[in-house]
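Worksheet: one structure, shown below.
Lettering of chains follows the sequences in order, A, B, ..., and the numbering in each one begins at 1.
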Amino acid sequence: MIPCIEVIHQLWDYLDGELSPERADAIRNHLEVCAGCRAVSEYEEAFLTTVRGLVDDPPPDEELRHQVIAALERHGYRGRPE
Amino acid sequence: MTASSTDLSRASRDAAFAAEALPCLPQVARFARTLARDPVDAEDLVQETFLRAYDAWATYTPGTGCKSWLFTICRNIYLRELRRGARMVATDDPEGEAMASAGLYHYAAERGLDTMFDRVDLGPAVRQAIAALPDEYRDVLVLVDVQDCAYSDAASVLGVPLGTIRSRLFRARRLLQQSLLAFAEDAGLVARSRQTVGGPPTAELEGPRTS
């Protein structure tokens, strides 16, 4: 079992999916049996979910898209998006 | 090259550009808004990004991550226009930042705030806190946490080593968490304690041990 300190050091990398499969397994196994680290992990995960929820920003309106394409066409672009 | 082959080449480029670059417009627009903040400046930045990308399309290898490539162009234009140069923040202790964040969990738990992300709509507070972050931290947090870039893609976009991405990202998250805890306390979710938010967070975490 890897020590708690190593789990905390690599918790963000783990939650971001940036670790090797072997290392991720080691941390996952630790979290399954260590309530203290699991509580930290769940807190950090809830934080990330909140931040990542911001991706639901409204998309740019069609006007911006038309502006970009019009500028491209003045620049020689002749393609048409689907 | 004959006129017809030139036309063919242009048609091919335009088709590829329409298929790969233009679908990234929503993400680029969102990224530009986080950089420029002012909506009109952001729209100009988006337009300039796509014009530069169109001119430089020959340097892009299809299928290699058009979104990151466009982000790089967008950021370079933004930086150039601001004439900010290559200002760097020296942070090289990602493990220390991770420890500090864990310390913030303990701070939150002691005040009953460890479930605040599930209990309260923190969206507006998060947006405000992100906007208040120093540029170096805000940029990497937006790329990884909002735009869903891998660390390596963010490193490519920002032109910094992978270790710098980790350091800045973890620092950004800690700063954000500190802001949100302060917001929660100010909002009366708990009584404010005399301890400064983010005070000595690592002191609350037990040292190395095996379990």
Least distance between heavy atoms, [X] atom then [Y] atom:
X       : Y        : result
A:Trp12 : B:Tyr151 : O-OH, 3.6 Å
A:Tyr43 : B:Leu104 : OH-O, 4.3 Å
B:Leu25 : A:Arg65  : CD1-CA, 4.1 Å
B:Gln47 : A:Gln67  : OE1-O, 3.7 Å
A:Leu64 : B:Ala29  : CD2-CB, 4.0 Å

Under 4.5 Å from a heavy atom of chain B, the part of [X] involved:
X       : result
A:Ala39 : both
A:Leu11 : neither
A:Glu18 : side chain

Are any side-chain N or O atoms of B:Tyr54 and backbone N or O atoms of A:Tyr77, one a donor and one an acceptor, separated by less than 3.5 Å? yes
Would you say B:Asp145's side chain and A:Val51's backbone share a donor-acceptor pair under 3.5 angstrom? no
Shorter than 4.5 Å, heavy atoms on both sides: which option in B:Thr49, B:Val144, B:Asp55 has the most such pairs with chain A? B:Asp55
Carefully, step by step, assess A:Asp13 and B:Arg166 under the rule salt bridge (Lys or Arg N to Asp or Glu O under 4.0 Å). CA-CA 8 Å; A:Asp13 304 271; B:Arg166 293 178 73 239; 2.7 Å; yes
Applying a strict 4.5 Å limit to non-hydrogen atoms, the region of B:Ala19 in contact with chain A is neither
Between CG on residue A:Leu72 and CZ on residue B:Phe17, distance to nearest 0.5 Å: 5.0 Å
Go through it in stages, so that I can follow the logic: the residues are A:Ile69 and B:Phe50, the test is side-chain contact (heavy atoms from CB on, under 4.5 Å), and I'd like the CA-CA distance, side-chain angles, deciding distance and then a yes or no. CA-CA 9 Å; A:Ile69 291 176; B:Phe50 278 89; over 6 Å; no
Would B:Arg173 and A:Asp16 count as a salt bridge (Lys or Arg N to Asp or Glu O under 4.0 Å) here? Give the steps. CA-CA 13 Å; B:Arg173 286 172 176 172; A:Asp16 288 334; 2.9 Å; yes
